[in-house]
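Here's the structure, in structure tokens; my notes come after.
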Amino acid sequence: MDAKIEKISELSKLLSVKNRMSDDLFHLFGKFGIGRLLSQLSLEKQDGVSASELILSLCLFRIVGDSIHSICKHKIYELSNHGKNCFYRMMIRPSMDWRRLMNHFALRYMCLLRKYGEAPRPDTTTCFIIDDTVREKSGVRMEGVSRVFDHVKGKCVLGYKLLLCAFFDGKTTIPFDFSLHQEKGKQGDCGLTKQQRRKAYHAKRNNGSPDYERFQECKKPKMEVAVDMLRRGWKMGLHAKYVITDSWFTCEQLMACVRSIGKGAMHFVGLAKLGKTKYTVSGRKKNAAELIAAYERERGKVCRKYRCRYIRLNGNLGDTPVRIFLIKYGRNSAWNVLLTTDTTMSFVKAFEVYQIRWNIEVMNKETKQYLGLGGYQGCDFNGQIADATLCYLTYTVMTLEKRFGEYQTMGELFSDMEDDLMALTLWKRVLACIERILRALGETLGVTPQQLMAAISVNDKEMGKILVMAEALEKRDDEHKRIA
């Protein structure tokens with residue numbers, strides 16, 4: 001980082017303002033108690049650099065936006081005094097259970113909300129949101145990589161499908177769990193040639209280890225893994241009222257599983273495809289198009305609030321009771337199907353609950369844009385899991401700051417955190433430069449640096465500026481040591 005400083009007074013002003021950096025960064029991460037959490041989960045390393053220090057550094061690397069190699073080589077912001085191999089070993093560590101860490105990070109977030117009096121109230125709409133996104137890659141040697149269909153590009157690309165389960169507490173949305181998946185394709189070859197599959201990286205894993213379970217999960221159907229995530233979240237204390245998905249996940253199997261969790265405490269809300277799926281209404285099985293033709297004139301209503309026309313029906317999807325909303329915007333638009341297992345829900349309520357699903361789309365965009373989700377290019381599948389987990393841990397911390405701060409967007413928060421990291425080392429480098437200047441002057445004039453400082457201290461105003469920098473440095477070092 002090349003910094004141009006014209007006046008020492010400007011630096012003193014910067015440091016006095018950035019004195020809050022411990023609250024914005026190190027103190028903010030300290031609220032989640034990474035070291036204590038790792039000890040409770042028995043995930044701390046037995047020797048070498050502590051896992052909490054490595055994870056904290058890796059999260060800060062996300063905010064900087066540079067790779068591990070670049071930061072360690074060029075000492076960017078002086079964020080790490082360790083070699084890059086420490087971080088690479090941490091990311092592919094077989095015994096590291098990244099899922100447990102991420103799950104408990106989300107629980108810690110909810111504990112902090114209760115501590116600050118922001119816990120969801122009984123009448124608050126809380127939701128699990130499930131969605132998938134593509135993590136595009138460029139290397140065919142990556143473990144578990146395949147060609148997956150990208151709905152945005154409309155074609156298959158090399159990479160992974162990331163299945164994400166997020167929790168909405170009424171105000172903010174945080175990531176709770178995720179999984180990476182490959183797609184076998186019609187030929188069952190993952191879209192790769194025989195030579196590419198043979199040259200792909202393969203790591204040996206022990207049965208029962210966390211990395212073995214995550215790699216086996218890569219080959220499972222996304223629907224099965226999504227149900228496991230919902231059950232895990234409910235068991236750990238995240239009691240949502242609704243599960244929201246898009247049309248790809250909406251099916252009888254998922255609805256039945258959602259209703260079985262918590263003895264029917266959760267309901268399903270999601271769009272469905274306008275296809276051949278049959279619904280039983282008034283004792284007759286009809287698809288969505290047939291229902292529209294049969295009931296549009298008889299039961300069609302207008303919602304002035306959202307300027308649309310809809311048909312409300314009660315029926316069954318298989319053995320699951322559902323309320324069906326057939327929705328049309330404007331005169332020429334196509335019909336949409338919105339389903340919910342809450343057969344007493346009004347159209348406006350169902351519409352507003354489903355709108356919450358947009359939060360996970362925003363999360364996917366922000367994690368890719370600001371935190372580099374999917375940027376890891378290592379071959380080991382463990383590193384891919386660690387990369388996404390670190391991204392989501394950092395996002396959770398930023399979400400807490402955004403909720404209680406004065407930030408309007410995640411972009412503003414990200415920019416401010418990046419500025420804080422710059423301030424963390426800007427003054428540290430300048431102080432080192434000042435020290436070298438004092439030593440050079442001392443050698444030239446034949447006096448010691450202490451004698452020069454004594455001469456400077458006669459001027460109380462200039463000495464005050466130096467003390468501001470020294471105090472900021474001391475506080476920063478103390479805070480960093482405490483958290484690490």
Side-chain angles (χ1 to χ4, degrees), residues 1 21-22 24-105 108 203 205-206 209-211 214 371-372 375-397 417-418 420-422 424-425 428-429 432 473-484:
M1 177 187 66
M21 62 195 169
S22 59
D24 290 342
L25 287 173
F26 291 109
H27 185 62
L28 188 59
F29 276 91
K31 291 179 180 179
F32 286 84
I34 297 176
R36 184 170 60 254
L37 190 58
L38 289 172
S39 298
Q40 293 174 352
L41 300 176
S42 302
L43 299 177
E44 185 59 87
K45 294 171 63 180
Q46 299 300 320
D47 52 13
V49 184
S50 68
S52 57
E53 183 177 350
L54 293 175
I55 291 174
L56 176 60
S57 297
L58 287 168
C59 289
L60 292 177
F61 293 174
R62 292 279 165 181
I63 300 173
V64 174
D66 280 306
S67 65
I68 296 173
H69 178 268
S70 179
I71 289 175
C72 293
K73 181 179 179 180
H74 301 292
K75 300 295 182 182
I76 297 177
Y77 298 157
E78 296 184 6
L79 287 175
S80 174
N81 295 322
H82 309 297
K84 64 181 185 298
N85 291 336
C86 292
F87 299 103
Y88 289 134
R89 284 195 295 267
M90 182 66 200
M91 293 187 71
I92 64 173
R93 183 182 170 199
S95 60
M96 183 63 191
D97 195 340
W98 293 104
R99 167 163 283 149
R100 290 183 66 198
L101 177 61
M102 182 173 170
N103 292 164
H104 283 81
F105 222 72
R108 179 60 183 162
R205 294 180 169 84
N206 298 323
S209 63
D211 64 333
R214 293 303 285 263
L371 300 177
Y376 181 77
Q377 294 296 333
C379 291
D380 199 310
F381 187 77
N382 295 1
Q384 304 291 347
I385 294 293
D387 172 72
T389 305
L390 291 166
C391 177
Y392 289 131
L393 296 185
T394 308
Y395 187 86
T396 303
V397 174
M417 281 189 166
E418 196 173 23
D420 284 350
L421 276 177
M422 185 181 297
L424 283 175
T425 55
K428 189 174 182 180
R429 291 188 176 192
L473 175 61
E474 184 179 0
K475 287 184 177 180
R476 183 263 181 186
D477 289 341
D478 291 343
E479 185 69 16
H480 184 271
K481 290 176 182 177
R482 184 184 67 81
I483 295 173

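Bear in mind that the values here come from a model prediction, so they are computed numbers and not experimental data.
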Subject >> M91 CE to C86 SG distance, which is reported to the nearest 0.5 Å >> reply: 14.0 Å
**OP:** Take L37 and F105, measure what side chain to side chain contact (heavy atoms under 4.5 Å, CB included) needs, and give me the verdict at the end.
**Re:** CA-CA 8 Å; L37 190 58; F105 222 72; 4.0 Å; yes
Original post:
G378 and Q384: which non-hydrogen atoms are nearest, and at how many Å?
Top reply: O-NE2, 2.9 Å
Subject >> Heavy-atom pair of closest approach, residues R214 and W98 >> reply: NH1-C, 4.4 Å
Original post:
Could you state the interatomic distance from NZ (K84) to CZ (R89), rounded to the nearest 0.5 Å?
Top reply: 10.5 Å
**OP:** Apply side chain to side chain contact (heavy atoms under 4.5 Å, CB included) to M96 and L38, showing your working.
**Re:** CA-CA 10 Å; M96 183 63 191; L38 289 172; 3.8 Å; yes
**OP:** Tell me, please, which residues at least two apart from R100 pass salt bridge (Lys or Arg N to Asp or Glu O under 4.0 Å).
**Re:** none
Original post:
Between CZ of F32 and CD1 of I55, what distance do you get to the nearest 0.5 Å?
Top reply: 14.0 Å
Original post:
Could you state the interatomic distance from CG (L393) to CG (L371), rounded to the nearest 0.5 Å?
Top reply: 10.5 Å
Original post:
Within the side chain of R108, is there an N or O that forms a donor-acceptor pair under 3.5 Å with the backbone of K31?
Top reply: yes
**OP:** Only pairs at least two apart or in different chains count here, so list each salt bridge (charged side-chain N to carboxylate O under 4.0 Å, His left out) that has a residue in residues 380-392.
**Re:** R62-D387, R135-D387, R205-D380
Original post:
Do E44 side-chain atoms and G35 backbone N/O form a donor-acceptor pair below 3.5 Å?
Top reply: no
**OP:** Before giving the answer on side chain to side chain contact (heavy atoms under 4.5 Å, CB included), spell out for I68 and L58 the whole-Å C-alpha distance, their side-chain angles and the decisive distance to 0.1 Å.
**Re:** CA-CA 8 Å; I68 296 173; L58 287 168; 3.6 Å; yes
Original post:
Nearest 0.5 Å, what's the CG-CE distance between L390 and M90?
Top reply: 8.0 Å
Subject >> Nearest-0.5 Å distance, CZ of residue F61 to OG1 of residue T394 >> reply: 11.5 Å
Original post:
What's the shortest heavy-atom distance between L43 and S95, and which atoms?
Top reply: CD2-O, 4.2 Å
Subject >> Minimum-distance pair of heavy atoms, taken over all atoms of I92 and N382 >> reply: O-ND2, 3.3 Å
